Amino acid sequence: SSAITSIIIFFALGFGIVRVFAVALPWTQLLRLLLSAVVAGVAVASMLWFDSSLMMQFWAGLLFIVTYIGATVGFRAWRPDDYAKLRPLAERYPKVFGRTLLALERWAGS
C-alpha cells in the first residue's frame, strides 16, 4: 500500500508541476522506470511470499536492486546524457565500471 500511495502521489505531483509551471517532464522515461520497478517488485514479492525472515528480506533487497537496474537497461530508460554523467565514475574506478559503462553506451547507441 505504501508503494501504491507513493506512485499515486508521484503522478499527482508530476501532473501538478506540469500544469502550474508549464514544463515538460520526460514521461516516457518515467513510465519505463515505473515499469522497471513493477518488474522488480513482482520478483521480490514472489520471493518474500515464501519466507519473510530478516535474511530473506536482505536477499530480496539485493534482488530488487539487480532486477531494477537490469530492467531499466532492458526497457531503455537511460538516455545518452545519463551515460555521460556516469563517465567520471567509470574513469575513477575503471576496473569496476569501465567495461560495463562502455558496453552500455554501445548498446544505447544501437
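The structure displayed is predicted, hence computed values, not measured ones.
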Drop me the distance from Leu62's CG to Thr67's OG1, to the nearest 0.5 angstrom.
10.0 Å
Do Leu63 and Tyr68 come close enough that some side-chain heavy atom pair is under 4.5 Å?
no
So if you build clusters from Ile, Leu, Val, Met, Phe, Trp, Tyr with side-chain heavy-atom gaps below 4.5 Å, do Val66 and Val73 land together?
no
Of all heavy-atom pairs linking Met56 and Asp51, the shortest is CG-O, 3.0 Å
Heavy-atom donor-acceptor pair, Gln29 side chain to Ala77 backbone, under 3.5 Å
no
Tell me whether Phe58 is reachable from Leu48 by hopping between hydrophobic residues (I, L, V, M, F, W, Y) whose side-chain heavy atoms are closer than 4.5 Å.
yes
Hey, do the aromatic rings of Trp27 and Phe15 have their centres closer than 6.0 Å?
yes
For Ile17, the rest of its hydrophobic cluster, which grows through side-chain links under 4.5 angstrom
Val20, Phe21, Val23
Can you give each donor-acceptor pair under 3.5 Å made by side-chain atoms of residues 33-47, sequence neighbours left out, with the distance rounded to 0.1 Å?
from, atom 1, to, atom 2, distance (Å)
Ser36, OG, Arg32, O, 2.9
Ser36, OG, Ala71, O, 3.4
Ser36, OG, Thr72, N, 3.3
Ser46, OG, Val42, O, 3.2
Ser46, OG, Ala43, O, 2.8

Taking Ser2's backbone N and O only, do any of them form a donor-acceptor pair with Ser6's side chain (distance below 3.5 Å, no angle check)?
yes
